[in-house]
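Let me begin by presenting the structure, written as structure tokens, before commenting on it.
This one's a predicted model, so the numbers in the text were calculated from it and none came from an experiment. Side chains included, hydrogens not; waters and symmetry mates left out as well; all remaining heavy atoms used. Protein chains get the first letters and strands the later ones, always in sequence-line order, with residue 1 at the start of each.
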Protein chains: 2
Amino acid sequence: MNNKFPNITVDAIVFSYFNEKIHVLLIKRNFDPFKDNYALPGAFIKDNESADDAVYRMLKDETGLNLEYLEQLYTFTKPDRDPRQRIISIAYYGLINATNQVLKTSQHATEVSWVEIKEAFKRNLAFDHKEIMLYALQRLRNKLQYEPIGFDLLPEYFTIGELYNLYCAVLDKGLDRRNFTRKILSFELLKETSFKTGGHVGRKAKIYEFDKINYDRLKKVGFNFEI
Amino acid sequence: MNNKFPNITVDAIVFSYFNEKIHVLLIKRNFDPFKDNYALPGAFIKDNESADDAVYRMLKDETGLNLEYLEQLYTFTKPDRDPRQRIISIAYYGLINATNQVLKTSQHATEVSWVEIKEAFKRNLAFDHKEIMLYALQRLRNKLQYEPIGFDLLPEYFTIGELYNLYCAVLDKGLDRRNFTRKILSFELLKETSFKTGGHVGRKAKIYEFDKINYDRLKKVGFNFEI
DNA sequence: CCAAAAGTGTTAGGAGTACACCCATGT
DNA sequence: ACATGGGTGTACTCCTAACACTTTTGG
């Protein structure tokens, strides 16, 4: 298999949002070291693929998931971070709209699951994966506030209320809903659709779509998204 | 020498500030590939040293410099970024107060020099080092505005005017000096010393010192440095 | 006395924040 | 009718940004 990089891996922390909570993808380890602990999905980098490509391939193979967003996080290099042999890990974090994807298992990852983020930190995590997860969560929190990445955790069509709940869940604090709504709408990056929610009690909500094309255009002109 | 990682390097982009301009450390290459081009200082990672340690060691060995500040930037992994063989590079950026350090050459780096940043971008740069430099400059500009790292480019004792000029140089734009001064002083993180400048025309300036201990304390309580 | 750099206040406009009620709908 | 979630306006405060003259010093 891979020969050039027998000691460099990519590890990915994949965030999803459902049931009004943030979740991360964890794999239960069936072998030592750290048997029965949980670990982030990861793989060795193969010849002729970039680290980004390796993450996409690995997630596809091991879990069947296709990310909406992927970003390199940090490279972890402590000589003793793996007890067997020295391994350098290039860590990534990714975002996914979990509602229309099916989680598969594979030969390597027989037990893969979405774990609510607070629960995940309580689990026994292999290697330095707790540290990586913490780093990723901080990056997600920061980035959510000055780049429109929250939309990558939601379906294509969503309500302001869903977006609001997502922000509260990630930042783990309450926000003022009126101020939030005003701010988000002031960017004029949400396209109002003709749909409305239904099928549940309460007033029907307007359904929006994020205008990515317009955002990319504005960004070039120096526009700043900031919640 | 190193056996575990024959294809992982660290590259460092070191910034310094003097003559009212930002400079970066470049090495002129004496060998192919990219003979006579300029490159960032770099080295292979040795067994039993972290990437951070490798950067400190490499800079000490090749240039004799001791950094005030070092931060991991990004890991570059494109399979063809080195024409000879596949190499992954963990890039760092560092800050240094160049005024009291002497630049040495070494066997590997016979021509090492500080190059003014705009001039540096005009040079022929080896590998993907232009891309790395651009990435580093953007990070420096961002970080300067919400963390007090500018002080690491200045001597221990400095005037508000020097700090102001540094900010203008890094951000490459004019700022309002009165607003800048008010903002900086409002943090109460500059300790006024009993010294004053002298030896040149113009009014003598107060000399300050950055109160790092107090900053670290405030940061824990949730203080936010932001220019 | 002149050139150079330091130092210093005020104001107007915009952004952020805090706050509470009515509306539409399904059960 | 009532419970649930959606939608909206105002006032106050604080921060930002714009702006120019006086002071001190060395030459």
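- Within a 6.0 Å sphere centred on NZ of B:Lys130, heavy atoms belonging to other residues, nucleotides or ligands number more than 12.
- Cation-pi contact between A:Arg29 and A:Phe34: absent, since separation from the ring centre below 6.0 Å together with deviation from the ring axis within 45° is not met.
- Rounded to a whole Å, the NE2 atom of B:His200 is 16 Å from the P atom of D:dT24.
- Taking the side chain of B:Arg178 as heavy atoms from C-beta on, and the options C:dT8, C:dA6, D:dG9, the nearest nucleotide is C:dT8.
- Straight-line distance from the CZ atom of A:Phe180 to the C1' atom of D:dT8: 16 Å, rounded to whole Å.
- The NZ-P distance, from A:Lys196 to D:dG5, rounds to 17 Å in whole Å.
- What separates CD1 of B:Ile227 from P of D:dA17 is a distance of 12 Å, to the nearest Å.
- On a pure distance criterion of 3.5 Å, a polar donor-acceptor pair joins the side chain of A:Arg177 and the base of D:dG7.
- When each of A:Leu185, A:Leu163, A:Thr159, A:Ile184 is tested with A:Tyr208 by the rule side chain to side chain contact (heavy atoms under 4.5 Å, CB included), just one qualifies, namely A:Leu185.
- If B:Asp176 and A:Gly202 are placed on DNA chain C by their nearest nucleotide, the residue sitting closer to the 5' end is B:Asp176.
- For A:Asn179, whose side chain is taken as the heavy atoms from C-beta onward, the closest listed nucleotide among C:dT27, C:dG7, C:dA18 is C:dA18.
- A straight line from CZ of A:Arg203 to P of C:dC23 spans 9 Å, rounded to a whole angstrom.
- Between B:Ile184 atom CD1 and C:dT8 atom C1' there is a gap of 17 Å when expressed in whole angstrom units.
- Between the side chain of B:Arg182 and the base of C:dG7, no donor-acceptor pair of N or O atoms lies under 3.5 Å.
- Here the C1' atom of nucleotide C:dA18 and the NZ atom of A:Lys183 are 15 Å apart, to the nearest Å.
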*Intermediate values then yes/no, side chain to side chain donor-acceptor pair (under 3.5 Å), B:Ser16 and B:Asn97*: CA-CA 6 Å; B:Ser16 68; B:Asn97 161 24; over 6 Å; no
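- Atom CD in A:Glu226 sits about 10 Å away from atom P in C:dT17, given to the nearest Å.
- Looking at B:Lys78 and B:Glu131, a side-chain N of the basic residue comes within less than 4.0 Å of a carboxylate O on the acidic one, giving a salt bridge.
- Of the candidates C:dT27, D:dG26, D:dG6, D:dG26 carries the atom nearest the B:Lys204 side chain, counting heavy atoms from C-beta on.
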